[in-house]
Amino acid sequence: MRIATWNVNSITARLPRLLAWLESSGTDVLCIQETKCTLEQFPTDALREAGYESAVNATGRWNGVAVLSRVGLADVVTGLPGGPEYDGVQEPRAVSATCGGARVWSVYVPNGREVAHEHYAYKLRWLGALREAVAADAAGTLPFAVLGDYNIAPTDEDVWDPAVFEGATHVTPAERDALAALRGTGLSDVVPRPLKYDRPYSYWDYRQLAFPKNRGMRIDLVYGNAPFTAAVKDSYVDREERKGKGASDHAPVVVDLDVR
DNA sequence: ATGACTTATAGCATAAGA
């Protein structure tokens, strides 16, 4: 079974590339972030015609997540149970489902903006709620993984130049501690292999030729429990999808699982 | 070649991204 996670930066803008990539990659289950659409705008019909069921948590212009599956879609949970509010609302940043023998979460962790910003404190609270919400499944016997855009580079090796990120979000000890606490529930970082260069970056800024210069970050992560990681046959970043006109600024992270 | 940001919006500049 091929599972992937991809921040598409608007599913409306990305739909042609999304459909083409689903077909060319042979992905069975795709966790999507930043759909940037309402529930009504989500392309459920086009995806169904392509053979995928959709579980969607989307409310409008910002955020939005989904799980697509062509191997079954059951026990959908929309949102992060116990998750914090920002500006009085629970933003659409989580959706989970059981697909073909594995349970997956698609998460879009808050960005944080700046360390002094209220959004950063919200990010840490959100990660704390995520840890509590996944603990039982993380300790379970069913292959289970939390996939998505974590907006955190786990180590300095996961950014193209640590000096550039000094004092910035995505690399602070508190954010990395939150990741460690999440791993503490029984999850492990499934580190993909890069298809080029030495680091498996998954995000490159649109500006200043970041992609051709490989000035990237590894912030799209797959955290799997022991039954999940035991079934991993391969994992890679499909950087080809970052190329060309109409690309997202994130590339898909793909995991091949040996489950029936 | 991979190429100098992109997206959605009761818009025409702004907020957000990271």
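- Rounded to whole Å, the P atom of dA15(B) lies 15 Å from the corresponding atom of dA10(B).
- For S96(A), the side chain to side chain contact (heavy atoms under 4.5 Å, CB included) partners at least two apart in sequence or on another chain are V77(A), R103(A), W105(A).
- The residue K123(A) sits apart from the nucleic acid: no heavy atom pair falls under 4.0 Å.
- At a non-hydrogen distance threshold of 4.0 Å, K243(A) from residues 234-243 of chain A come into contact with DNA chain B.
- Counting only residues at least two apart or in different chains, side chain to side chain donor-acceptor pair (under 3.5 Å) contacts with residues 64-76 of chain A comprise D28(A)-R70(A).
- dA16(B) and dG11(B) are spaced 15 Å apart, taking the C1' atom of each and rounding to whole Å.
- In this structure Y223(A) satisfies the ring-ring contact (aromatic ring centres under 6.0 Å, His included) test together with Y150(A), sequence neighbours excluded.
- At least one donor-acceptor pair under 3.5 Å links the side chain of E175(A) to the backbone N or O of T172(A).
- Sequence neighbours left out, not one pair with a member in residues 52-67 of chain A passes salt bridge (charged side-chain N to carboxylate O under 4.0 Å, His left out).
- Taking all atoms of both residues into account, the shortest heavy-atom contact from R199(A) to E157(A) is NE-O, 2.9 Å.
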Can you build the contact string for nucleotides 8-18 of chain B? Use B for base contact, S for sugar-phosphate-only contact, and - for no protein heavy atom under 4.0 Å.
BS----BBSBB
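- Rounded to an integer number of Å, the gap from I32(A) CD1 to dT7(B) P is 16 Å.
- Every residue meeting the side-chain hydrogen bond (donor to acceptor under 3.5 Å, both in side chains) condition with R218(A), not counting sequence neighbours, appears here in chain and number order: D158(A), D189(A).
- Heavy atoms of R14(A) sit under 4.0 angstrom from primed sugar atoms or phosphate atoms, though from no base atom.
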Please list every donor-acceptor pair under 3.5 Å in which a side-chain atom of residues 129-147 of chain A meets a protein atom from a residue at least two apart or in another chain.
none

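- A gap of 15 Å separates the P atoms of dA18(B) and dA8(B), to the nearest Å.
- Distance, R215(A) CZ to dC5(B) C1': 15 Å, rounded to whole Å.
- When the side-chain hydrogen bond (donor to acceptor under 3.5 Å, both in side chains) test is applied to D149(A), the partners found at least two apart in sequence or on another chain are N7(A).
- In terms of position on DNA chain B, the residue among F211(A) and G246(A) whose nearest nucleotide sits closer to the 5' end is F211(A).
- Distance L209(A) CG to dT6(B) C1': 15 Å, rounded to the nearest Å.
- With C1' as the reference atom, dT7(B) and dC12(B) are 16 Å apart, rounded to whole Å.
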